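Have a look at the structure below before the remarks.
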Amino acid sequence: MNIADLRKSYEKAELNENASHANPLKQFEQWLQEAITSEVPEPNAMTLATVASNLRPSTRVVLIKGCDERGIVWYTNYESQKGQELAGNPFAALQFHWVELERVVRIEGRVEKVSDEESDAYFHSRPLDSRIGAWASPQSQVIDGRTVLVTNAAKYAAQFMLSPPRPPHWGGYRLVPDQWQFWQGRKSRLHDRLRYTQEGSGWLRERLAP
């Protein structure tokens, strides 16, 4: 098989200025709901891109846990690679790729930590194993093997029983968007691509060439 010969014709839908929302958050919420309703695999999965102090970018997949006018929220270990990179450069990009719907959403903006109250509320809503896991995993650090994780999990499970508190190194981030892009695959590679850029208290909507 020659990878260069792999091709697909995108013909499922269209995206135009007249049928799209003037507010990008509303457009995103519509598309996210359609992805959920369509039962695409993990519609809440998004790629998070950050940049380190040496200017090298890195990406990983995280799960969206909330969105409103304030921004897009996810939760993680603050001491992880992404946490350290965000501490040094609090700007990031997110991307959703709903392959089955032939759609991509890109979001850029500044990142801030959510409040302790928000992090506490979400942490205590998680399954017990996930709460223990937040203590057990020294995320992004080199470990000798899986035994380290299993041993840590057993230790913290015995220590906290059914009520593990939120670790001080674990919590939420919120990306505050200043730019959105919506991409809908179209036939002959003439895709629809709309960009929303923050302009005062509103949004400038423009069509970009694909």
Side-chain angles (χ1 to χ4, degrees), residues 24-25 28-29 32 41-98 104-160 163-181 198:
L25 176 61
F28 172 72
E29 289 175 334
L32 177 59
E42 293 198 281
N44 55 334
M46 58 187 184
T47 299
L48 165 66
T50 56
V51 178
S53 58
N54 61 4
L55 303 184
R56 291 179 67 101
S58 60
T59 65
R60 73 287 292 160
V61 176
V62 297
L63 301 178
I64 183 175
K65 292 300 178 180
C67 67
D68 55 27
E69 293 292 348
R70 296 173 297 169
I72 309 295
V73 174
W74 69 94
Y75 291 86
T76 190
N77 188 316
Y78 289 143
E79 297 176 355
S80 63
Q81 179 181 345
K82 56 185 169 297
Q84 294 178 37
E85 291 178 353
L86 287 169
N89 177 17
F91 291 89
L94 300 170
Q95 177 171 290
F96 292 82
H97 187 192
W98 298 307
V104 173
V105 179
R106 296 166 52 188
I107 314 167
E108 299 177 13
R110 185 178 181 87
V111 177
E112 60 190 23
K113 289 182 178 179
V114 306
S115 68
D116 288 341
E117 291 76 15
E118 289 176 272
S119 290
D120 286 340
Y122 175 69
F123 183 79
H124 291 297
S125 75
R126 305 178 84 206
L128 177 59
D129 287 350
S130 297
R131 283 178 278 155
I132 293 296
W135 284 95
S137 175
Q139 195 173 115
S140 300
Q141 296 182 27
V142 175
I143 58 176
D144 290 334
R146 185 171 180 81
T147 302
V148 173
L149 300 177
V150 176
T151 301
N152 284 350
K155 179 182 73 173
Y156 287 114
Q159 178 180 342
F160 296 127
S163 302
R166 178 173 64 90
H169 57 264
W170 191 97
Y173 286 106
R174 175 180 288 108
L175 184 142
V176 182
D178 56 27
Q179 185 179 129
W180 301 71
Q181 286 195 37
Q198 193 169 34

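Please read these numbers as outputs of a predicted model, since none were measured by experiment.
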If you measure from CD1 on Ile132 to CZ on Arg126, what distance do you get to the nearest 0.5 Å? 11.0 Å

Looking at side-chain heavy atoms only, is the closest gap between Ser58 and Thr50 below 4.5 Å? yes

Just wondering, do Leu175 and Ile107 contact through their side chains at under 4.5 Å, heavy atoms? yes

Identify which one of Tyr78, Tyr75, Phe91, Tyr122 satisfies the ring pair (Phe, Tyr, Trp, His ring centres under 6.0 Å) criterion when paired with Tyr173. Tyr78

Is any side-chain heavy atom of Val61 closer than 4.5 Å to a side-chain heavy atom of Met46? no

Within a strict 4.5 Å, meaning less than it, do heavy atoms of the Ile64 and Phe28 side chains meet? yes

Please examine the side chains of Phe123 and Pro165, heavy atoms only from C-beta on, and report whether any two atoms are closer than 4.5 Å. no

Qualifying salt bridge (charged side-chain N to carboxylate O under 4.0 Å, His left out) pairs, either residue in residues 54-68, two or more places apart: Arg60-Glu85, Asp68-Arg70

Using modelled atom types and a 3.5 Å cut-off, is there a donor and acceptor pairing between side-chain atoms of Ser137 and backbone atoms of Gly133? no

For the salt bridge (Lys or Arg N to Asp or Glu O under 4.0 Å) test, which of Lys113, Arg166, Arg174 pairs with Glu118? Arg174

Does the plane of the ring in Trp98 sit parallel, tilted or perpendicular to the ring in Phe96? Use 30° and 60° as the thresholds. tilted

Quick one, Trp74 and Val111 - any side-chain contact, counting heavy atoms below 4.5 Å? yes

From CZ (Arg110) to CG (Asp178), nearest 0.5 Å: 10.5 Å

How many angstroms lie between CG in Asn152 and CD1 in Ile143, if you round to the nearest 0.5 Å? 8.5 Å

Are Leu25 and Glu69 side-chain neighbours, meaning at least one heavy-atom pair lies under 4.5 Å? yes

So with a 6.0 Å cut-off around CD of Glu42, is the heavy-atom count from everything else above 12? no

Mind checking the CG-CD spacing from Asn77 to Gln141? Nearest 0.5 Å is all I need. 8.0 Å

Looking at Trp180, is its backbone amide N or carbonyl O close enough to the side chain of Arg106 to form a donor-acceptor pair, meaning the two atoms are under 3.5 Å apart? no

Between Ser140 and Gln81, is there a donor-acceptor pair closer than 3.5 Å when you use the side chain of the first and the backbone of the second? yes

Any donor-acceptor pair under 3.5 Å linking the side chain of Thr59 with the backbone of Leu48? no

Between Gln198 and Pro177, which heavy-atom pair has the shortest distance, and what is it? OE1-O, 4.1 Å

Approximate separation, where rounding is to 0.5 Å, of Leu32 CG and Glu29 CD: 8.0 Å

Evaluate the side-chain contact (heavy atoms from CB on, under 4.5 Å) criterion for residues Trp170 and Trp135: first the C-alpha distance (whole Å), next the side-chain angles of each, then the deciding distance (0.1 Å), finally the verdict. CA-CA 9 Å; Trp170 191 97; Trp135 284 95; over 6 Å; no

Any side-chain donor near an acceptor of the partner, Lys82 and Thr76, under 3.5 Å: yes

